[in-house]
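Lettering of chains follows the sequences in order, A, B, ..., and the numbering in each one begins at 1.
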Amino acid sequence: MQRKSFLASLGALVAGSFVPTSADAFAIKGEEPSVKRPPWLKPGDTIAITSPAGAISEAELKPALEQIRSWGYRVRLGSTIGKKDFSFGGSDDERCADLQQLLNDPAVAAILCARGGYGSVRIIDNLDWSGFRKHPKWVIGFSDITVLHSHIHRHTGIATIHSKMCNSFPDDWEKAEPIQRDTVLSIRDALEGKPMSYTAPASERNRPGSAEGVLVGGNLRTLENLAGTASDIDTRGKILFVEDTGEYPYSVDRAFQNLYRTGKLNGLAGLIVGGFKLKPDDPGEEFGRDLYDIVLQRVGTLPFPVAFDFPVGHQRANFALRCGLRHRLAVRADGTTLTQTP
Amino acid sequence: MSKIPAPLAKGATIGITAPAGFMDLEQMSACIDTLQEWGYSVKLGDTTHSQSNTYFSDADEERRIDLQRLLDDPAVDAILCARGGYGVSRIIDRLDFKAFRHHPKWIIGFSDITVLHSQIWEEYGIATLHAPMAAAFNEDGPGHASLETLRAALEGAVSAYNIAPHPYNRVGHARGTLVGGNLTLLAHSIGTPSELKTKKTILFLEDVGEYLYNIDRMLQQLRRSGKLDRLAGLVVGGFTGTKDTPRPFGKDVYEIIRDAVSGYEYPVCFGFPVSHATENVALKHGVEHQLHVDREEVNLTERVKK
């Protein structure tokens with residue numbers, strides 16, 4: 001199977017078989033009661049699309065809609081699609097109302113954020129989670145959507161999916177490269193309850209070890225700017241993953257300093273470092289440390305495994321991760337494996 | 001009640017250190033000469049002439065030791081940070097302020113030095129000087145137009161600034177401790193031991209080179225962490241070199257700030273000369289001030305205990 005062999009060679013593998021699942025949300029047995037996951041999706045379910053942050057046009061959604069429909073799902077477009085308030089997908093009130101309606105609607109099984117950008121933090125405090133708590137559903141996205149992942153994790157304990165969004169679906173599926181298809185298909189796998197396991201290539205900068213804990217994380221600068229707010233997360237005993245793009249090395253160092261000084265590194269079970277497309281230093285301001293140096297220096301002697309080059313971030317290799325569910329991280333000489341524990 | 005370091009007498013010693021980014025000693029020569037013309041001795045910390053070829057003036061431990069020595073040295077009456085950049089938050093948790101607490105001295109700087117101002121105020125209630133640094137003494141340097149305010153503050157003059165009105169100003173009168181600094185560093189410190197408490201304070205903000213959306217995001221963080229709702233007043237300085245994304249944010253930086261505090265009632269003034277540009281007046285961080293904003297003018301004045 002072409003897809004599998006490619007993934008294996010790339011180092012990121014989605015294990016393939018189905019497991020029988022309950023249609024109801026439940027607290028997973030043997031885990032803390034706060035760990036809950038929405039029902040897996042079944043053909044015919046509805047996936048709604050909304051823009052809690054940046055604006056997107058209906059035309060830009062076309063590849064995503066075709067693909068999602070081909071998986072057997074219905075698609076519902078939120079009222080923010082096609083709306084534009086400068087960079088935002090509608091005013092704060094409009095974006096909040098759209099997301100709220102989709103959160104409350106029992107006919108919506110999952111909410112896929114159309115794109116990131118900036119804006120979720122402007123509406124997060126005005127959302128009411130009572131309907132969502134009663135009838136959990138998958139909330140999907142990354143980058144600015146880190147605000148939603150963190151807030152939902154903290155206030156509801158309900159799992160979410162960190163993955164590509166509509167603006168990353170390839171325009172021409174047939175001509176798309178395997179990594180583009182596989183990352184998009186990993187969203188479907190995550191929604192349908194397939195066992196999730198990813199590998200990343202070995203790196204001599206990795207710090208070996210193994211860990212088990214609830215998976216949390218997302219965009220580093222977004223996490224930094226949630227400190228002290230109602231969306232800030234407790235990372236103790238958890239596996240934290242971080243990614244970012246377009247930041248100067250000093251800014252990434254400062255953000256890791258923030259994680260450290262806000263106590264988010266001390267009690268970690270494990271750290272996963274995804275893609276970081278660093279902005280080159282300004283001339284004369286060379287930071288003199290690469291991403292590996294920055295992370296390892298800050299982590300110091302803290303006793304947890306660290307995995308680099310993980311396929312998550314603002315890059316083609318950005319696979320779906322189930323945030324808020326327990327995972328096992330194994331960082332070994334021959335590579336890294338992250339597996340959701342049953 | 002804040003502890004305010006004593007004014008500097010003629011002949012007092014100002015120590016210079018670089019707790020964050022690297023600065024060439026040559027770039028500090030105007031600063032050294034001018035401080036001597038003002039009647040002070042200058043003591044150069046090791047980080048002002050290190051052989052560093054990286055971003056930082058020296059390794060974390062060397063920067064920490066250099067600042068620590070100046071904090072502890074009873075012969076040093078004030079500490080001028082050569083420049084900001086980034087680096088204070090990498091060393092601050094390992095600084096020992098015991099000697100400094102008993103013999104407070106002015107610590108001078110801004111930008112990355114905001115972390116020092118916040119932590120020293122929150123932990124020890126000691127006033128510091130948010131003011132131009134070494135580059136300001138060069139003719140084209142940031143803060144050059146405000147050097148005399150630094151000199152006056154060091155000599156013990158009472159701060160009193162009168163500035164022109166701005167259309168976005170919100171009139172009112174406030175009394176409170178003046179605190180604040182660089183928005184990015186204030187946001188960066190939230191949740192850490194350097195976090196600033198802002199209740200009943202007059203908060204001042206400035207920043208440089210940030211994206212508009214990021215300024216909005218940081219203001220949302222300040223708002224959501226309860227830093228904006230119970231201010232006595234807000235002083236908005238310069239936000240220089242702001243950048244925008246290909247999809248424009250749709251507001252300028254003062255509109256972003258005006259909207260972020262539109263739900264509150266305290267006085268707000270815009271265009272205050274605290275910034276990374278040529279105007280950057282000395283502000284006594286941690287000292288009681290009054291802020292008066294009306295349609296004609298704005299006054300920010302240090303309150304003197306009788």
(message) Can you confirm whether the side chains of A:K264 and A:T262 place a donor and an acceptor under 3.5 Å from each other?
(response) yes
(message) Can you tell me which portion of B:V88 sits under 4.5 Å from chain A's heavy atoms? Options are side chain, backbone, both or neither.
(response) neither
(message) Looking at B:D60 and B:I91, would you say the former's side chain and the latter's main chain have a donor-acceptor pair under 3.5 Å?
(response) no
(message) Main chain of A:S143, side chain of A:T146: is a donor-acceptor contact present, judged purely on distance under 3.5 Å?
(response) yes
(request) Please state whether the rings of B:Y86 and B:F56 are parallel, tilted or perpendicular, taking 30° and 60° as the class boundaries. (result) tilted
(request) Decide whether B:H276 and B:T240 meet the rule of one side-chain donor and one side-chain acceptor closer than 3.5 Å. (result) no
(request) Please determine, among B:T54, B:N53, B:T245, B:D216, the option with the most heavy-atom pairs under 4.5 Å with chain A. (result) B:D216
(request) Heavy-atom pairs under 4.5 Å with chain B are the metric here; pick the option from A:G263, A:S231, A:G119 that has the most. (result) A:S231
(message) Counting C-beta onward and ignoring hydrogens, is there a side-chain heavy-atom pair between B:F239 and B:V208 closer than 4.5 Å?
(response) no
(message) Does B:R170 qualify as a cation-pi partner of B:Y266, given the criterion of NZ or CZ under 6.0 Å from the six-membered ring centre and within 45 degrees of its axis?
(response) yes
(request) With the side chain counted from C-beta on, respond yes when A:C166 and A:I49 share a heavy-atom pair under 4.5 Å apart, and no when they do not. (result) yes
(request) Residue by residue, scan residues 288-303 of chain A and write down, ordered by number, those that have a heavy-atom distance under 4.5 Å to chain B; if none do, write 'none'. (result) A:R289, A:Q297
(message) Please classify the contact between B:K227 and chain A as side chain, backbone, both or neither, with a heavy-atom cut-off of under 4.5 Å.
(response) neither
(request) Sort B:L222 into side chain, backbone, both or neither according to what part of it lies under 4.5 angstrom from a heavy atom of chain A. (result) neither
(request) Using the six-membered ring of B:F270, assess whether NZ or CZ of B:R258 lies under 6.0 Å from its centre and within 45 degrees of the ring axis. (result) no
(request) Name the member of B:G85, B:G21, B:S194 that forms the most heavy-atom pairs with chain A at distances under 4.5 Å. (result) B:S194
(message) Quick one about A:T80 and A:T50 (side-chain donor to acceptor, distance below 3.5 Å, no hydrogens or angles considered), yes or no?
(response) yes
(request) Take A:H314 and A:T245 through the side chain to side chain donor-acceptor pair (under 3.5 Å) test and state the conclusion after the steps. (result) CA-CA 6 Å; A:H314 285 73; A:T245 185; 5.1 Å; no
(message) Given heavy-atom pairs under 4.5 angstrom as the criterion, report whether the side chain, backbone, both or neither of A:E285 touches chain B.
(response) both
(message) Under a 4.0 Å threshold between the charged nitrogen and the carboxylate oxygen, would A:R115 count as salt-bridged to A:E60?
(response) no
(message) Using a 4.5 Å heavy-atom cutoff, which residues in residues 249-259 of chain A come close to chain B?
(response) A:Y250, A:D253, A:R254, A:Q257, A:N258
(request) Answer yes or no on whether A:R205 is positioned over the face of A:F308, meaning its NZ or CZ is under 6.0 Å from the six-membered ring centre and within 45° of the axis. (result) no
